[in-house]
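In what follows, a structure is listed as structure tokens, so that the remarks can point back to it.
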Amino acid sequence: MSTVRTNNILDASGGNTATINSMTPTADSLQGQRNRIINGAMMIDQRNAGAAITVNSTGTFFPVDRFFGSGQATDGVFTLQQSSTAPSGFVNSVIATVTTADASIGATQFYLFNQYIEGTNVADLAWGTASAKTVTLSFWVRSSLTGTFGGVISNSAQNRSYPFTYTISAANTYEYKTVTIAGDTSGTWLTTTGIGIRLHFDLGVGSTYRGTAGSWAGATYLGATGATNVIGTLNATWYITGVQLEVGSVATPFERIDYGRELQLCLRYYQNSFNVGNQPGVSTSLSDAIHLLSWGDGNCSGFPFQIPMRAAPTVTLRAQGSTTAGQVSSGGTDRSATATNIGAKQVSFIAVTSGTANTYTRFTWEAASEL
Amino acid sequence: MFCVIVNLNGNSNIPFDPANTDYAEFKKAVTAGAELQDASGNVMTAQAAKAFIGTLP
């Protein structure tokens, strides 16, 4: 063993691209909490307990926490599901499967897989200013199709968009992709609790919302010109995992976060009272519910959330052992109820229609404050 | 005063928080003329709905 003492390491040209074990250490790549994507390894699924969900409208459908699909109410349909088919080093992915093909996408139609990043988590990127930082997106992807695929990064107002492309060379084989994007020096980029950055993966987008890859545009784009329409092929599959968005022009190895901390990050946007593995709206396990005492007027006390949420959430109540929303069990009878005066940290109280006084009120709850 | 919006499609409870995306959708819909019901389930008159919408944050 020998010891090397030096004050500086430069590359052969005297620059800052020297590598150690194939990686260039930089101030950006060495910092902790590099990944601005939450649940990039598709590990946390609080909503579905691993079950598939069907994307058949322009709404938001979450197969795992923080990532959601959106589609069309007519024409194409696809499912999303947490999967255990993953590249080496990963346990999970999300699979999209086309169940109804749309081989002729309308100009304004779109089929997407997305994550929106909160502005507070990308404020340091200084986008919209002359100091905008370069970022690099990396991910593992696999498909039954090959060719050029696309995606977009855009701002909250969707008037600044950067389409990108990536190539899948071999069918049904995981491939690692990186995309480096110069920070946008124009437009308005929120640094609040609103949407900071929209990340879209294009599974099929009409011509109105597709733009040329590789440059910023003052337009609403959801996909890249020329990209493969996954939705156009019945039974086509598309998997993704290891999604990372980080500062700098180098894609560093995926930043692994233990399950507990990843779950904590997800709870800011969605949480519930259900046991892990029990699906809200499906499970009737008695241990999913909480019991609170009702007051003399039949209403009952509220409850604090597990951690403070991004904003006051939308709350769904169900009576213990029931899958019917909008009710609680009061004195042993399922009655209409509403979570009242909801804040980002708690529900103030539960208003129960004809609630029984001074007895147990039993219910499960979900709270969502997604972007 | 009890403050909550009940989404009749799913029976979820939406807070009066402009940062909540469901609330933003609700406000967009009612501003565009979607039907509103009061706490008793009665459809609001156009005048009452307009007055209510005027109080929304």
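Lettering follows sequence order; numbering is per chain, from 1. Note that this is a predicted model, so its numbers are computed, not measured.
- The distance from atom CG of B:Asn7 to atom OG1 of A:Thr316, rounded to the nearest 0.5 Å, is 8.5 Å.
- Remark: B:Thr21 OG1 to A:Leu371 CG distance equals 7.5 Å, nearest 0.5 Å.
- Contacts between A:Ala368 and chain B at a heavy-atom distance below 4.5 Å involve the backbone alone (N, CA, C, O).
- A:Gln327 contributes atom CD, which lies 8.0 Å from atom CG of B:Asn11 (distance to the nearest 0.5 angstrom).
- In terms of modelled atom types and a separation under 3.5 Å, the side chain of B:Asn13 and the main chain of A:Ala339 share a donor-acceptor contact.
- When all heavy atoms are compared, the tightest approach of B:Pro15 to A:Ala312 is CG-O, 3.4 Å.
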>> Between B:Val4 and A:Asn341, does the side chain to side chain contact (heavy atoms under 4.5 Å, CB included) criterion hold? Intermediate values first, please.
In response: CA-CA 6 Å; B:Val4 71; A:Asn341 293 351; over 6 Å; no
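- Comparing A:Ile342, A:Val315, A:Thr192 by heavy-atom pairs within less than 4.5 Å of chain B, the highest count is held by A:Val315.
- Of the N and O atoms on the side chains of B:Asn20 and A:Ser369, not one donor lies less than 3.5 Å from an acceptor on the other residue.
- A distance of 8.0 Å separates CG of B:Asp17 from CZ of A:Arg310, quoted to the nearest 0.5 Å.
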